[in-house]
Amino acid sequence: MNSKESKKDSLDIAGRIYDVSDYKRKDTLSSGLATTHEQVSDTYTEGEMQSVVDDVDGKNIEIKGEEAEEESQ
């Protein structure tokens, strides 16, 4: 393979995005994309129940969700 073909292959891989069919494919790239998609989807769906922001002074500041705001009113 010459350098032009190698660069083209690299660009094809770098530009590749997740597709539903990646779950059925057996190549390493498809498997990685499917796994990453699953992890992101799980994290997004699960969320976090008690979100906090780290303050500069090291104190955690709780972020209240919509339900907590409604209860306090």
Side-chain angles (χ1 to χ4, degrees):
M1 179 183 304
N2 64 30
S3 66
K4 281 188 177 183
E5 290 174 348
S6 179
K7 284 183 182 179
K8 183 181 182 319
D9 287 344
S10 295
L11 289 174
D12 288 342
I13 291 172
R16 177 93 186 278
I17 59 171
Y18 164 78
D19 187 85
V20 177
S21 63
D22 286 330
Y23 280 102
K24 296 178 182 175
R25 294 182 181 159
K26 300 295 180 195
D27 62 287
T28 305
L29 178 60
S30 297
S31 175
L33 286 170
T35 300
T36 302
H37 177 266
E38 187 70 25
Q39 291 171 341
V40 170
S41 177
D42 288 349
T43 301
Y44 178 77
T45 302
E46 183 179 318
E48 189 172 327
M49 296 302 290
Q50 294 179 334
S51 300
V52 295
V53 174
D54 293 331
D55 190 10
V56 177
D57 297 327
K59 179 182 173 186
N60 289 336
I61 302 171
E62 185 177 346
I63 300 173
K64 297 184 179 184
E66 291 178 22
E67 292 177 9
E69 290 176 10
E70 290 174 3
E71 290 175 6
S72 66
Q73 293 179 357

Atom CZ of R25 and atom OG of S31: how far apart are they, to the nearest 0.5 Å?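 These two atoms lie 12.0 Å from each other.
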Distance from D22 atom CG to L29 atom CG, nearest 0.5 Å? 7.0 Å
Evaluate the ring planes of Y23 and H37, with Trp represented by its six-membered ring, and classify them as parallel (under 30°), tilted (30 to 60°) or perpendicular (over 60°). perpendicular
Any non-hydrogen side-chain atom of K24 less than 4.5 Å from a side-chain atom of S30?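 The answer is no; the side chains never approach within 4.5 Å.
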